[in-house]
Student: 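Sharing a structure, written as structure tokens. Questions coming.
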Amino acid sequence: MICPKCHQPVENGTKFCTQCGTSLAGLSVPEPDIVNTPVKSDNSTSSILLIFLVVSVITNVTYFIITHTITYWWDNKILIVVVHLLYVINSASMLLIPFAVKNNVMKIIAFVITIPYVIFLIIRNIMSMVDIFSRLI
């Protein structure tokens, strides 16, 4: 509790301020209003994660449709490019995840882990696509 006159901290239940002697009788300690305290919502984190989720779902569903409904899709150069581009897009979307992390140290750690992994996935997919094209030619 704070003394209304000298603004010094005073123990709850004290009858007089120990600094200035002001009577504290009748003053009540306000309880924090937990029920009506607004919860601060951070929509940027939710938006980033939602974008990642939508990109991931779209790329994976498209990949599934191509690879499971089109017979001999691997003989079609355009479909090979599309499938590998889906992998690249899905891999690159992982870079959104560190942006959703609030703690700065954890954000740096997330970037340090995510960036090399995404680069690895993209290079692997490009090399695979080049390898497949070299065999088709």
Side-chain angles (χ1 to χ4, degrees):
M1 185 163 75
I2 304 291
C3 173
K5 183 174 181 184
C6 67
H7 305 290
Q8 294 297 316
V10 182
E11 275 189 49
N12 292 337
T14 306
K15 304 258 184 215
F16 297 96
C17 176
T18 55
Q19 296 294 319
C20 67
T22 301
S23 173
L24 302 174
L27 292 178
S28 62
V29 179
E31 294 289 325
D33 191 3
I34 296 172
V35 175
N36 293 325
T37 303
V39 175
K40 185 179 177 186
S41 169
D42 187 4
N43 290 333
S44 65
T45 298
S46 300
S47 298
I48 290 170
L49 293 176
L50 183 63
I51 291 169
F52 168 73
L53 182 63
V54 167
V55 168
S56 185
V57 167
I58 289 172
T59 56
N60 285 302
V61 167
T62 307
Y63 169 79
F64 181 83
I65 290 169
I66 290 172
T67 59
H68 288 84
T69 62
I70 300 173
T71 311
Y72 303 111
W73 66 269
W74 53 86
D75 288 336
N76 185 327
K77 291 180 183 179
I78 293 173
L79 289 179
I80 291 172
V81 171
V82 169
V83 165
H84 281 82
L85 284 177
L86 290 171
Y87 276 133
V88 169
I89 292 168
N90 195 25
S91 301
S93 72
M94 286 187 217
L95 289 173
L96 292 172
I97 295 172
F99 286 107
V101 177
K102 291 293 170 206
N103 182 302
N104 286 335
V105 173
M106 296 303 289
K107 184 180 289 229
I108 291 169
I109 292 170
F111 274 117
V112 167
I113 292 169
T114 306
I115 290 173
Y117 181 64
V118 168
I119 291 170
F120 164 75
L121 291 175
I122 291 172
I123 290 172
R124 185 190 71 179
N125 287 311
I126 291 172
M127 289 175 65
S128 176
M129 191 169 41
V130 168
D131 183 50
I132 291 169
F133 273 122
S134 67
R135 286 190 231 153
L136 290 175
I137 296 177

Student: Examine Ile65 and Trp73 and state if one hydrophobic cluster contains both, with Ile, Leu, Val, Met, Phe, Trp and Tyr joined whenever side-chain heavy atoms are less than 4.5 Å apart.
Tutor: no
Student: Verify, without hydrogens or angle tests, whether Ser128 (side chain) and Arg124 (backbone) share a donor-acceptor contact under 3.5 angstrom.
Tutor: no
Student: Roughly how far apart are Ile51 CD1 and Ser46 OG, rounded to 0.5 Å?
Tutor: 11.0 Å
Student: Any side-chain to backbone donor/acceptor pair from Thr59 onto Val55? Under 3.5 Å, distance only.
Tutor: yes
Student: Enter the distance from Ile58:CD1 to Leu53:CG here, rounded to the nearest 0.5 Å.
Tutor: 9.5 Å
Student: Transitively linked via ILVMFWY side-chain contacts under 4.5 Å: Val118 with Ile126?
Tutor: yes
Student: Looking at every non-hydrogen atom in both residues, tell me the closest pair between Trp74 and Ile80 and how far apart they are.
Tutor: O-CD1, 3.0 Å
Student: Over 60° means perpendicular and under 30° means parallel, so classify the ring planes of His84 and Tyr87, tilted if in between.
Tutor: perpendicular
Student: Met127 pairs by side-chain contact (heavy atoms from CB on, under 4.5 Å) with which of Asn125, Val130, Ile123?
Tutor: Ile123
Student: Any ring-ring contact (aromatic ring centres under 6.0 Å, His included) involving residues 104-127? Give me the pairs, sequence neighbours left out, ordered by first then second residue.
Tutor: Phe99-Phe111
Student: For the atom pair NZ (Lys5) and OG (Ser23), what is the distance rounded to the nearest 0.5 Å?
Tutor: 11.5 Å
Student: Is there a donor-acceptor pair closer than 3.5 Å between any side-chain N or O of Asn90 and the backbone N or O of Leu86?
Tutor: no
Student: On a heavy-atom basis, which atom in Cys20 and which in Cys17 lie closest, and how many Å separate them?
Tutor: N-SG, 3.5 Å
Student: Would a hydrophobic clustering, with Ile, Leu, Val, Met, Phe, Trp and Tyr connected at side-chain separations under 4.5 Å, put Val82 with Ile70?
Tutor: yes
Student: Rounded at 0.5 Å granularity, tell me how far OG1 in Thr69 sits from CD1 in Ile66.
Tutor: 7.5 Å
Student: Could you report the tightest heavy-atom contact between Ala92 and Ile122, atom names first, then the distance?
Tutor: CB-CD1, 4.4 Å
Student: Is it true that Ile115 and Ile109 fall in one hydrophobic cluster, defined by side-chain heavy atoms closer than 4.5 Å?
Tutor: no
Student: Which distance, rounded to the nearest 0.5 Å, do you find between the CG of Leu121 and the OG1 of Thr114?
Tutor: 10.5 Å
Student: Would a single hydrophobic cluster contain both Ile119 and Ile89, if residues Ile, Leu, Val, Met, Phe, Trp and Tyr are joined by side-chain heavy-atom contacts under 4.5 Å?
Tutor: yes
Student: Give, for atom CG of Leu85 and atom CD1 of Ile78, the distance between the pair rounded to the nearest 0.5 Å.
Tutor: 12.0 Å
Student: Any side-chain heavy atom of Met129 within less than 4.5 Å of one from Val88?
Tutor: no
Student: Can you find a heavy atom in the side chain of Pro4 that is under 4.5 Å from one in the side chain of Leu24?
Tutor: yes
Student: Tell me if the NZ atom of Lys107 is crowded by more than 12 foreign heavy atoms within 6.0 Å.
Tutor: yes
